[in-house]
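In what follows, a structure is listed as structure tokens, so that the remarks can point back to it.
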Amino acid sequence: MARKTVRVKIPRGNADDMIDLIKHVLKHDKDLGKNSLLDKVDLTALTALLKAAEPEREKAKELEAAAQGFNQSAKNHLGIS
């Protein structure tokens, strides 16, 4: 059987896309079970990274929305909105 090469673009500048990619890799590994070719990859470390990054990203989204609201309010007060 011929060797299969897979190329994946790594989203270096977008945290949400990176989180989605990690989730996809972990799901794919789980779906394949013992037939997974990812046994040489440290998926435990990848899972730990995801668990650390995901809540922080969600918090960042919340704070960004709040910041936009405060910026708009400040512009309204200054009459430059």
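In this text the structure is predicted, and so the values were computed from the model without any measurement.
Listed by first and then second residue, the salt bridge (Lys or Arg N to Asp or Glu O under 4.0 Å) pairs that reach into residues 62-75 come to none, sequence neighbours excluded.
Under the rule for a side chain to side chain contact (heavy atoms under 4.5 Å, CB included), the partners of Ser73 that lie at least two apart in sequence or sit in another chain are His77. For Asn35, there are no side chain to side chain contact (heavy atoms under 4.5 Å, CB included) partners, not counting sequence neighbours. With sequence neighbours left out, the salt bridge (charged side-chain N to carboxylate O under 4.0 Å, His left out) criterion links Lys30 to no other residue.
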Atom pairs and distances, donor-acceptor, side-chain atoms in residues 10-28, under 3.5 Å, two or more places apart:
| residue | atom | partner | partner atom | Å |
| --- | --- | --- | --- | --- |
| Asn14 | OD1 | Asp16 | N | 3.0 |
| Asn14 | OD1 | Asp17 | N | 3.2 |
| Asn14 | ND2 | Asp17 | OD2 | 3.3 |
| Asp16 | OD1 | Arg57 | NE | 3.0 |
| Asp16 | OD2 | Arg57 | NH2 | 3.3 |
| Lys23 | NZ | Glu54 | OE2 | 2.5 |
| Lys27 | NZ | Asp31 | OD2 | 2.8 |

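The other residues sharing a hydrophobic cluster with Ile80 are Leu78, where clustering joins ILVMFWY side chains under 4.5 Å apart.
Hydrophobic clustering places Leu43 together with Val8 (ILVMFWY residues linked when any side-chain heavy atoms are closer than 4.5 Å, directly or through intermediates).
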